[in-house]
Novice: 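Below you will find the structure I want to go over with you.
Scope of the values below: all heavy atoms of this structure, side chains included, with no hydrogens, waters or symmetry mates. Predicted model, so just to flag it, every value in this text is computed and none were measured.
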Amino acid sequence: VHSAWTADPNDPSVFTVHPDDVEILEAYANAVTAFYRAATSDLVVTAADFAPYMADAGRQFTASLEQASSDGYVDDLGSGIVLRPYVLADQRSATSAIILDCTISDEQFVLRSAPERVPSSPVLRGQLTTMVVVDGAWKVDVFAEEPTACL
């Protein structure tokens, strides 16, 4: 996770972190970590792994990970993933927030039986995530693709 404490004049997709947003961004990063742990291993969504970080305990990923598993695929992170999340200041309240993230990644799903990667270069992928407070803790409510997150 790249958290910028100063602006990058060469990359408009990098925003600085407001100190009040650290807890929200940390919860987001933990949810993303739970997803990638499942996607790169057994492709199983378990409440124990997802409930601390996601309001739906990861159910929004169940169908896609089950499909990948039944088709014989697993996620390969390639050279890794860089998250660059930021909280939209005008979309934040005491109990909800919206995060935009412009990730950099060359991940791809590969067959477990022949895990050879197709040569690829890292690409930018925009994501929007809604966060909510549940029982006093910030959690992901919904992950969604959002191309405009990458400026």
Side-chain angles (χ1 to χ4, degrees), residues 1-4 8 11-15 17 21-88 91-151:
V1 177
H2 178 264
S3 296
D8 181 346
D11 190 344
S13 292
V14 175
F15 290 84
V17 174
D21 296 338
V22 170
E23 184 179 9
I24 300 166
L25 295 170
E26 188 175 83
Y28 168 78
N30 285 329
V32 172
T33 299
F35 169 78
Y36 282 116
R37 281 190 181 133
T40 59
S41 61
D42 60 9
L43 296 132
V44 174
V45 174
T46 62
D49 293 334
F50 285 86
Y53 315 114
M54 298 189 67
D56 72 349
R59 285 186 295 279
Q60 63 190 283
F61 300 127
T62 301
S64 62
L65 292 181
E66 284 177 351
Q67 183 66 51
S69 181
S70 70
D71 291 345
Y73 287 93
V74 66
D75 197 1
D76 181 320
L77 298 184
S79 59
I81 296 173
V82 177
L83 306 176
R84 302 181 300 169
Y86 56 96
V87 176
L88 294 177
Q91 299 294 313
R92 184 189 190 290
S93 72
T95 59
S96 67
I98 293 179
I99 292 176
L100 291 182
D101 191 355
C102 182
T103 65
I104 305 170
S105 165
D106 67 342
E107 75 173 299
Q108 57 186 259
F109 277 83
V110 297
L111 286 171
R112 285 185 186 271
S113 60
E116 294 183 30
R117 293 178 52 83
V118 174
S120 64
S121 297
V123 296
L124 300 177
R125 190 182 82 221
Q127 181 150 318
L128 180 144
T129 305
T130 57
M131 304 290 293
V132 294
V133 174
V134 178
D135 297 327
W138 284 100
K139 295 187 180 192
V140 168
D141 187 32
V142 176
F143 281 109
E145 294 283 326
E146 178 53 65
T148 62
C150 297
L151 303 175

Novice: Is Thr33 reaching over with its side chain to a backbone N or O of Ala29, donor-acceptor style, under 3.5 angstrom?
Specialist: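 Indeed, once roles are kept as given, a pair shorter than 3.5 Å links the two residues.
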
Novice: Near Glu116 CD, under 6.0 Å, is it more than 12 heavy atoms from other residues, nucleotides or ligands?
Specialist: no

Novice: Which heavy atom of Trp138 sits nearest a heavy atom of Ala97, and at what distance?
Specialist: CZ3-N, 3.8 Å

Novice: Please list, chain by chain and in numerical order, all residues satisfying side-chain hydrogen bond (donor to acceptor under 3.5 Å, both in side chains) with Glu23, sequence neighbours excluded.
Specialist: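 Testing Glu23 for side-chain hydrogen bond (donor to acceptor under 3.5 Å, both in side chains), a comparison that skips the adjacent residues, returns none.
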
Novice: Which salt bridge (Lys or Arg N to Asp or Glu O under 4.0 Å) pairs, counting each pair once, include a residue from residues 52-76, with sequence neighbours left out?
Specialist: Asp76-Arg117

Novice: Side chains of Tyr86 and Leu88, heavy atoms from C-beta outward: is any pair under 4.5 Å?
Specialist: yes

Novice: Just verifying a value: how many Å separate Ile99 CD1 and Arg92 CZ, rounded to the nearest 0.5 Å?
Specialist: 10.0 Å

Novice: Does Arg84 use its side chain to pair, donor to acceptor, with the backbone of Cys102 at less than 3.5 Å?
Specialist: yes

Novice: Might you point out which heavy atoms bring Ala39 and Val74 nearest each other, and give the distance in Å?
Specialist: O-CG2, 3.3 Å

Novice: Taking all atoms of both residues into account, what is the closest heavy-atom pair of Lys139 and Pro52, and its distance?
Specialist: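 Heavy-atom minimum between the residues: CE-O, 3.7 Å.
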
Novice: With sequence neighbours left out, what residues match Ser96 under side-chain hydrogen bond (donor to acceptor under 3.5 Å, both in side chains)?
Specialist: Ser93

Novice: About how many Å separate OG of Ser69 and CG of Asp42, when rounded to the nearest 0.5 Å?
Specialist: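 Between Asp42 CG and Ser69 OG, I get 8.0 Å after rounding to 0.5 Å.
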
Novice: Take Ile104 and Leu124 through the side-chain contact (heavy atoms from CB on, under 4.5 Å) test and state the conclusion after the steps.
Specialist: CA-CA 5 Å; Ile104 305 170; Leu124 300 177; 3.5 Å; yes

Novice: State, to 0.1 Å, how close Ala57 and Val45 come at their nearest heavy-atom pair, and which atoms those are.
Specialist: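 Result for this residue pair: O-CG1, 3.6 Å.
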
Novice: Is it the case that more than 12 heavy atoms not belonging to Arg37 sit under 6.0 Å from its CZ atom?
Specialist: no

Novice: Measure across Gly126 and Cys150 and return the closest heavy-atom pair with its distance rounded to 0.1 Å.
Specialist: N-SG, 3.7 Å

Novice: Contact between Leu100 and Glu146 at the side-chain level, heavy atoms closer than 4.5 Å - yes or no?
Specialist: yes

Novice: Would the Phe35 and Phe143 ring centres measure less than 6.0 Å apart?
Specialist: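 Centroid distance Phe35-Phe143: not below 6.0 Å, so no.
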
Novice: Can you find a pair of side-chain heavy atoms, one from Val123 and one from Ser105, that are under 4.5 Å apart?
Specialist: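 A side-chain contact is absent here, since even the closest heavy-atom pair is not under 4.5 Å.
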
Novice: Sequence neighbours excluded and cut-off under 3.5 Å, please list the side-chain donor-acceptor pairs for residues 127-136, or say none.
Specialist:
| unit_1 | atom_1 | unit_2 | atom_2 | d |
| --- | --- | --- | --- | --- |
| Gln127 | OE1 | Arg125 | NH2 | 3.4 |
| Thr130 | OG1 | Val142 | N | 3.1 |

Novice: Under the criterion side-chain contact (heavy atoms from CB on, under 4.5 Å), I'd like the reasoning laid out for Phe109 against Leu43: C-alpha separation, chi angles, the key distance, then a yes or no.
Specialist: CA-CA 11 Å; Phe109 277 83; Leu43 296 132; 4.1 Å; yes

Novice: List for me each residue that meets salt bridge (charged side-chain N to carboxylate O under 4.0 Å, His left out) alongside Asp101, sequence neighbours excluded, and say none if there are none.
Specialist: none

Novice: Could you check if a side-chain atom of Thr40 sits within less than 4.5 angstrom of a side-chain atom of Leu77, using non-hydrogen atoms only?
Specialist: yes

Novice: So, the side chain of Asp106 versus the backbone of Ser121: is there a donor-acceptor pair under 3.5 Å, distance only?
Specialist: no

Novice: Passes side-chain contact (heavy atoms from CB on, under 4.5 Å), Tyr73 versus Gln67? Steps please.
Specialist: CA-CA 9 Å; Tyr73 287 93; Gln67 183 66 51; over 6 Å; no

Novice: Does any donor atom in the side chain of Glu107 or Tyr36 lie under 3.5 Å from an acceptor atom in the other side chain?
Specialist: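 The criterion, which ignores hydrogens and geometry beyond distance, is satisfied for Tyr36 and Glu107.
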
Novice: Scan residues 45-54 for pairs that pass side-chain hydrogen bond (donor to acceptor under 3.5 Å, both in side chains), counting only residues two or more places apart or in two chains.
Specialist: Thr46-Asp49

